[in-house]
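Have a look at the structure below, then the notes.
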Amino acid sequence: MRARHLAPAALLLPFALLLAACGGSSRANGGGGTGSGTDGKGSLTLNVGDQKGGSEALLRAAGELDDLPYKIKWSTFTSGPPLLEAINAGAVDVGAVGNTPPVFAAAAKSKIKVIAGAHSRSDGETVLVKKDSPLKRPAQLKGKSIAVAQGSSAHYQLIAQLTKAGLTPKDVTLNFLQPADALAAFTRGKVDAWAVWDPYTAQALDQADARVLTTGQGVVNGLSFQVAAPAALDDKKKSAALKDYTVRLRRAQDWVFKHPDVWAKAWAKETGLPDKVALDAVKRTRGTAVAVAVDKAAVASEQRIVDAFAALKLIPRSFDFGAFVDPRFNGDLPPSGTAPRTYGKGH
């Protein structure tokens, strides 16, 4: 990426490794999956798409890969859309993405089914400005230039913020940049603001002279999803493995909330993030997730994203998001609106 050399050297490694890992942004260069090993034993193999520092690292740190009765073959992707493309192609059985990539994939009539959800705090979904910026509230973004990853959760967050402030995307100049390029542009003052998510929020606040103009709390739904291939769901043995996999993820997330420092260190080691940045991101958002049902309220919330992007002609059509949901694993999970966990004030 041409602008990447403009970024401070200390920021390059983590941003390159974590490109779109949390927000599930639009296609990155070389977005295809790369093999990263196999866990478990048995005759059945579950092909899992992951992002750097994602489900594999989480499950391993929590000890949830120690007794797998089936095999997991991991493939690593740079972002949500290529992961969902792999699911559509049948190369991957399941993978985790943010709240927006499924909207774009479904709009393209991809063969996907949302099977599990998590609800996190949205404090890490931010619009950032420089500390010395004169901008104090979102309405002042009119006429300004904003960096954002197209099709990402940050893209929708920004649209929602503009709408809330009485603005439209036409009132600003959008610079569609992946995080590494956005960081470079932000650092050099080439854009007035940057819409992004944790851990990039945490890193920019710590190392890029940034401050928060506004957060997604109360503006976006804070949902993320496990998305599966319909063919895997139709296979009785793979469906059973998918159910077990979602249960393991739920237990791992419970473990993370109770051991934020341990997970932050493991996450930092996996991604190259500084320990402090990782811990800040864990306590602000990543550790606050609670597993929730993919219920009617979740579908309705995602439908609002569909309708917003369709109205702006950012997707070719509107559609029924519920048609891309399979609720079979909801079980006794709490409603999607269940409040995320919190580590208290300051996070």
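Each residue takes its place number in the sequence, starting with 1.
Using a 4.0 Å cut-off between charged nitrogen and carboxylate oxygen, K238 and D93 count as a salt-bridge pair. For the pair R341 and D254, the salt-bridge criterion is met [side-chain N within less than 4.0 Å of a carboxylate O]. A salt bridge links D123 with R121: the distance from a Lys NZ or Arg NE/NH1/NH2 to an Asp or Glu carboxylate oxygen falls below 4.0 Å.
Side chains of L128 and V212 form a contact here, defined as non-hydrogen atoms less than 4.5 Å apart. When side chains are defined from C-beta on, R250 does not count as touching V247, because their heavy atoms never get closer than 4.5 Å. Counting only heavy atoms from C-beta outward, the side chains of E125 and S153 approach each other to under 4.5 Å. Two residues are said to be in side-chain contact when any heavy atoms from C-beta on lie closer than 4.5 Å; K283 and T342 fail this criterion. For the pair V220/Y156, a side-chain contact is recorded, criterion being any heavy-atom separation below 4.5 Å from C-beta on. No side-chain heavy atom of T38 sits under 4.5 Å from any side-chain heavy atom of I72. In this structure the side chain of I315 reaches within 4.5 angstrom of the side chain of V306, judged on heavy atoms. Taking the side chain as every heavy atom from C-beta outward, D171 and L141 never approach each other to under 4.5 Å.
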Item to check | Step-by-step side chain to side chain contact (heavy atoms under 4.5 Å, CB included) determination, K73 to V48 | outcome: CA-CA 6 Å; K73 184 178 184 301; V48 180; over 6 Å; no
Next on the checklist: What verdict does the side chain to side chain contact (heavy atoms under 4.5 Å, CB included) test give for I146 and L158, after you've listed the backbone C-alpha separation in whole Å, the side-chain angles of each residue and the deciding distance to 0.1 Å?
Outcome noted: CA-CA 9 Å; I146 308 168; L158 177 58; 3.8 Å; yes
Next on the checklist: Would W267 and V282 count as a side chain to side chain contact (heavy atoms under 4.5 Å, CB included) here? Give the steps.
Outcome noted: CA-CA 9 Å; W267 192 31; V282 167; 3.6 Å; yes
Checklist entry - Do K276 and D206 pass the salt bridge (charged side-chain N to carboxylate O under 4.0 Å, His left out) test, and can you show the C-alpha distance, the side-chain angles, and the key distance before you say yes or no? => result CA-CA 9 Å; K276 178 185 181 301; D206 187 63; 3.5 Å; yes
Checklist entry - Could you walk me through whether L242 and L46 pass the side chain to side chain contact (heavy atoms under 4.5 Å, CB included) check? => result CA-CA 8 Å; L242 285 169; L46 197 63; 3.8 Å; yes
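Taking each heavy atom of P179 and W194 in turn, the nearest pair found is O-CZ2, 3.8 Å. Across E270 and A57, no two heavy atoms sit closer than the pair CG-CB, 4.0 Å. Of all heavy-atom pairs spanning W263 and G54, the tightest one is CH2-O, 4.5 Å. When all heavy atoms are compared, the tightest approach of V294 to G117 is CG2-N, 3.6 Å. Across every non-hydrogen atom of R286 and Q253, the tightest pair is O-NE2, 3.1 Å. Of all heavy-atom pairs between G53 and T271, the closest is CA-CG2, 3.8 Å.
Hydrophobic clustering (ILVMFWY, side-chain heavy atoms < 4.5 Å, transitive): F104 and F77 are in one cluster. With hydrophobic clusters built from ILVMFWY side chains whose heavy atoms lie under 4.5 angstrom apart, V299 shares a cluster with I305. The hydrophobic clustering, which links ILVMFWY residues whose side-chain heavy atoms are closer than 4.5 Å, places L177 and L314 apart. When the side chains of ILVMFWY residues are joined at heavy-atom separations under 4.5 Å, either directly or via intervening members, F186 and V148 end up in two distinct hydrophobic clusters. Taken together through direct or relayed side-chain contacts under 4.5 Å among Ile, Leu, Val, Met, Phe, Trp and Tyr, L312 and V103 form part of one hydrophobic cluster.
Atom OG of S122 is separated from atom CH2 of W197 by 14.0 Å, given to the nearest 0.5 angstrom. From L162, atom CG reaches atom NZ of K170 across 13.5 Å, with rounding to the nearest 0.5 Å. Distance check, rounded to the nearest 0.5 Å: NE2 of H119 to CG of L223 gives 5.5 Å. With rounding to the nearest 0.5 angstrom, the CZ atom of R248 is 9.0 Å from the CG atom of D66.
With sequence neighbours excluded, no residue forms a ring pair (Phe, Tyr, Trp, His ring centres under 6.0 Å) with Y245. With sequence neighbours left out, the ring pair (Phe, Tyr, Trp, His ring centres under 6.0 Å) criterion links Y70 to no other residue. Residues meeting the salt bridge (Lys or Arg N to Asp or Glu O under 4.0 Å) test with K265, sequence neighbours left out: D275. Residues that satisfy the salt bridge (Lys or Arg N to Asp or Glu O under 4.0 Å) test with D320, not counting sequence neighbours, are absent from this structure. With sequence neighbours left out, F321 forms a ring pair (Phe, Tyr, Trp, His ring centres under 6.0 Å) with no residue at all. Applying the ring pair (Phe, Tyr, Trp, His ring centres under 6.0 Å) test to H155 and every residue at least two apart in sequence or in another chain returns F176, F309. With sequence neighbours excluded, the residues forming a side-chain hydrogen bond (donor to acceptor under 3.5 Å, both in side chains) with S301 are N221, listed by chain and number. In terms of the salt bridge (Lys or Arg N to Asp or Glu O under 4.0 Å) criterion, residue partners of R328 (sequence neighbours excluded) are, by chain and number, D326.
Among D198, L273, L183, V196, the one residue that satisfies the side chain to side chain contact (heavy atoms under 4.5 Å, CB included) test with Q203 is L273.
Formation of a donor-acceptor pair under 3.5 Å by the Q51 side chain with backbone atoms of A96 is found in this model. Checked by atom type and distance alone, the side chain of Y343 pairs as donor or acceptor with a backbone atom of F257 at under 3.5 Å. Using modelled atom types, one side-chain atom of T201 and one backbone atom of G124 make a donor-acceptor pair closer than 3.5 Å. No side-chain donor-acceptor contact under 3.5 Å links D50 to the backbone of S75.
Within the 6.0 Å centre-distance limit, the rings of W255 and H259 are counted as a close aromatic pair.
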Under 3.5 Å, side-chain donor or acceptor atoms of residues 130-138 against the rest of the protein: list the pairs with distances, not counting sequence neighbours.
from	atom 1	to	atom 2	distance (Å)
K130	NZ	A208	O	3.1
S133	OG	L135	N	3.1

Atom pairs and distances, donor-acceptor, side-chain atoms in residues 105-116, under 3.5 Å, two or more places apart:
from	atom 1	to	atom 2	distance (Å)
S110	OG	A105	O	3.0
K113	NZ	A323	O	2.8

Show me the side-chain donor-acceptor pairs of residues 331-339 shorter than 3.5 Å, one per line, residues at least two apart or across chains.
from	atom 1	to	atom 2	distance (Å)
S336	OG	D295	OD1	2.6
S336	OG	D295	OD2	3.4
S336	OG	A298	N	3.3
T338	OG1	P335	O	2.6

Listed pairs under 3.5 Å, donor-acceptor, residues 224-233 side chains, sequence neighbours left out:
none

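Counting only N and O atoms by type, the side chains of D307 and S318 include a donor and acceptor under 3.5 Å apart. If you check the side chains of D192 and S145, you find a donor sitting under 3.5 Å from an acceptor.
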